[in-house]
Amino acid sequence: MEPLNALIQKIAAGRPFQQDSEKILERLMQNPRIRAFAERNAAIGKEQWMRSLTNLYQFVEEWDHCDRCPGFENCPNMMAGYQPHLFEDKGVPALTFSPCPLLRENEARRRQSELIRSYYVPKDILQATFETIDKLDPGRQKAIKAAVDFVRDYLKNPETTRGLYLCGSFGVGKTYLMGAIMHRLAERRHIASLIVYTPDFFREIKGAIQDHSVDRKLEVLKKTPVLILDDIGAETMTPWIRDEVLGSVLQYRMMEHLPTLYTSNFDYDELQDHFSYSQKSGVEGVKAGRLMERIRHFTTLIKMQGPNRR
Ligand code: ADP
Ligand code: MG
């Protein structure tokens, strides 16, 4: 028996014999998907079927690829990631295409990753999800539960949910846990969040005075639905950073009822001390206290313990 694709090539080359075409049709009609379509569309006559041979062949070939799917990256279909469907167009079998499940999944993932933005925090340490996070370590269980609760409460009441203040030593997994929060927010309700590595961001903002881009840069931090300030306390503090930068971002977010989450090596009191001292102005307890109130009042403190995982 002549192979189907050799017969098809004759058609493509424009020199089929009637006999060949009939053989091809006969073979194609044995395909269960085509048979099912033919049963639903019994009115289609033989001549119409014959006019649609290349469509039918493409249909069979592409579903054959899908049945032995080599993965989205290697999709051999004419339009990668699309599957053909037959429909009747003025009495003739015709093709239409729809995205396959892998393409849809891929697009959902891409949309999700656009919601998870980071500034100076490497994307790869934000790969965590609550499903994959290692939960066995007792020093982390409380933090994981608080993170899960935060997402649940935020999805119910975005305006009244307090942020988290996650403190603990270097390498216990604070930033990683924030990654899991961001993923879940994106996945459950398409909520955008932004994580900022605070020391680098503050350094950048000092540089932004010269080109007058401070306001524009702060705008992003002010308006993101969920903001995570990573490693707060590790930056070099100045009164300007404290009052005009951090103070103004937190003031705005408080007025708009937008939650802010933090990770830090310091607890509340240690962070307040850090805000109090600067090389230029010495001790400024009152201003530090005022800023700290904005953090304390709008977050729940969670201490995270465990081995350094780095
Ligand atoms: P921290 O922010 O507390 O300094 P990180 O979140 O950066 O710590 O975590 C340190 C390292 O350990 C990272 O490489 C991270 O990928 C890994 N890690 C942290 N928590 C977990 C976890 N629960 N399961 C698996 N790996 C983790
Ligand atoms: Mg960290």
Side-chain angles (χ1 to χ4, degrees), residues 1-117 123-124 126-132 155 179-180 182-192:
M1 194 161 40
E2 206 171 348
L4 193 54
N5 53 4
L7 290 170
I8 282 289
Q9 267 157 21
K10 283 192 194 167
I11 298 186
R15 45 182 171 72
F17 296 110
Q18 178 69 14
Q19 213 186 351
D20 290 334
S21 301
E22 281 181 13
K23 260 196 259 170
I24 291 171
L25 182 61
E26 220 171 274
R27 290 271 298 281
L28 290 169
M29 294 304 270
Q30 288 166 11
N31 176 280
R33 289 186 175 99
I34 293 190
R35 228 168 34 219
F37 174 78
E39 277 162 19
R40 289 195 306 274
N41 295 273
I44 298 176
K46 185 167 175 196
E47 192 195 328
Q48 281 73 33
W49 282 108
M50 292 290 274
R51 274 167 53 192
S52 202
L53 278 190
T54 47
N55 281 342
L56 298 175
Y57 180 69
Q58 184 182 348
F59 176 83
V60 170
E61 188 183 43
E62 296 205 336
W63 274 107
D64 194 40
H65 295 155
C66 292
D67 290 339
R68 291 177 287 133
C69 176
F72 176 68
E73 310 297 323
N74 301 315
C75 177
N77 282 359
M78 203 127 82
M79 281 193 293
Y82 284 82
Q83 293 175 321
H85 306 281
L86 285 168
F87 73 105
E88 191 219 291
D89 181 21
K90 301 189 192 84
V92 181
L95 287 184
T96 172
F97 296 85
S98 73
C100 78
L102 290 186
L103 175 62
R104 284 204 302 267
E105 206 177 284
N106 215 56
E107 287 190 338
R109 234 193 330 262
R110 193 175 47 74
R111 272 198 301 276
Q112 251 180 46
S113 70
E114 279 167 8
L115 293 171
I116 300 174
R117 287 184 305 154
K123 278 259 174 190
D124 59 317
L126 300 176
Q127 290 310 308
T129 64
F130 285 113
E131 287 72 28
T132 55
L155 295 181
M182 298 175 88
H183 279 276
R184 184 157 285 184
L185 288 169
E187 195 176 277
R188 294 276 158 97
R189 253 355 125 61
H190 303 295
I191 291 161

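For reference, positions follow the sequence shown, starting with 1.
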Student: Is any side-chain heavy atom of W49 closer than 4.5 Å to a side-chain heavy atom of I34?
Tutor: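 W49 reaches I34 side chain to side chain.
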Student: I need the minimum non-hydrogen distance between Q83 and C100, along with the two atoms involved.
Tutor: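 The pair with the smallest heavy-atom distance is CD-CB, 3.5 Å.
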Student: Once rounded to the nearest 0.5 Å, what's the spacing between atom NE2 of H85 and atom CD of E62?
Tutor: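 If I round to the nearest 0.5 Å, the distance is 10.5 Å.
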Student: From M50 CE over to E47 CD, what is the distance, rounded to the nearest 0.5 angstrom?
Tutor: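 Answer rounded to 0.5 Å: 9.5 Å.
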Student: Which pairs would a plain distance check flag for residues 64-81, meaning a side-chain donor or acceptor within less than 3.5 Å of a matching protein atom at least two apart in sequence or in another chain?
Tutor:
{"unit_1": "D64", "atom_1": "OD2", "unit_2": "R68", "atom_2": "NH2", "d": "2.7"}
{"unit_1": "H65", "atom_1": "ND1", "unit_2": "N77", "atom_2": "OD1", "d": "2.7"}
{"unit_1": "D67", "atom_1": "OD1", "unit_2": "R33", "atom_2": "NH2", "d": "3.1"}
{"unit_1": "D67", "atom_1": "OD2", "unit_2": "R33", "atom_2": "NH1", "d": "3.1"}
{"unit_1": "N74", "atom_1": "ND2", "unit_2": "P70", "atom_2": "O", "d": "3.4"}
{"unit_1": "N77", "atom_1": "ND2", "unit_2": "Y82", "atom_2": "O", "d": "3.0"}

Student: Can you name the closest pair of heavy atoms from P99 and R104 and give their distance?
Tutor: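 The pair with the smallest heavy-atom distance is O-NH1, 3.0 Å.
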Student: Could you check whether atom CD of E131 has more than 12 heavy atoms from other residues, nucleotides or ligands sitting under 6.0 Å from it?
Tutor: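 Counting other residues, nucleotides and ligands, CD of E131 exceeds 12 neighbours.
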Student: Are L155 and I191 side-chain neighbours, meaning at least one heavy-atom pair lies under 4.5 Å?
Tutor: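 They are in contact (side-chain heavy atoms under 4.5 Å apart), so the answer is yes.
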Student: Strictly below 4.0 Å, N to O, side chains only: are E22 and K46 in salt-bridge contact?
Tutor: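 Salt bridge present between E22 and K46.
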Student: Let me confirm one number: the CG-CZ distance from L103 to R110, rounded to the nearest 0.5 Å.
Tutor: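 If we round to the nearest 0.5 Å, L103:CG and R110:CZ are 9.0 Å apart.
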Student: If I compare all heavy atoms of N55 with all of P93, which pair ends up nearest, and what's the gap?
Tutor: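 So the two residues come closest at ND2-O, 3.6 Å.
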Student: Which heavy-atom pair separates H183 from L126 by the least distance, and what is that distance?
Tutor: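 Closest heavy-atom pair between H183 and L126: NE2-O, 2.7 Å.
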Student: Less than 4.5 Å apart, any side-chain heavy atom of L56 and any of L95?
Tutor: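 No. Closest side-chain heavy atoms not under 4.5 Å.
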Student: So do L25 and M29 actually touch side chain to side chain, heavy atoms under 4.5 Å?
Tutor: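 In short, these two side chains touch, coming nearer than 4.5 Å.
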Student: Working to the nearest 0.5 angstrom, can you tell me the gap between E187 CD and L115 CG?
Tutor: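 Reported value, rounded in 0.5 Å steps: 11.0 Å.
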Student: Could you state the interatomic distance from CZ (R109) to CG (L102), rounded to the nearest 0.5 Å?
Tutor: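 Going from the CZ atom of R109 to the CG atom of L102 covers 9.0 Å.
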Student: Mind checking whether I24 and R27 have side chains closer than 4.5 Å, heavy atoms only?
Tutor: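 I24 does not reach R27 side chain to side chain.
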Student: Mind listing the closest non-hydrogen atom pair of A94 and D89 along with its distance?
Tutor: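 Taking every non-hydrogen atom into account, CB-CB, 3.7 Å.
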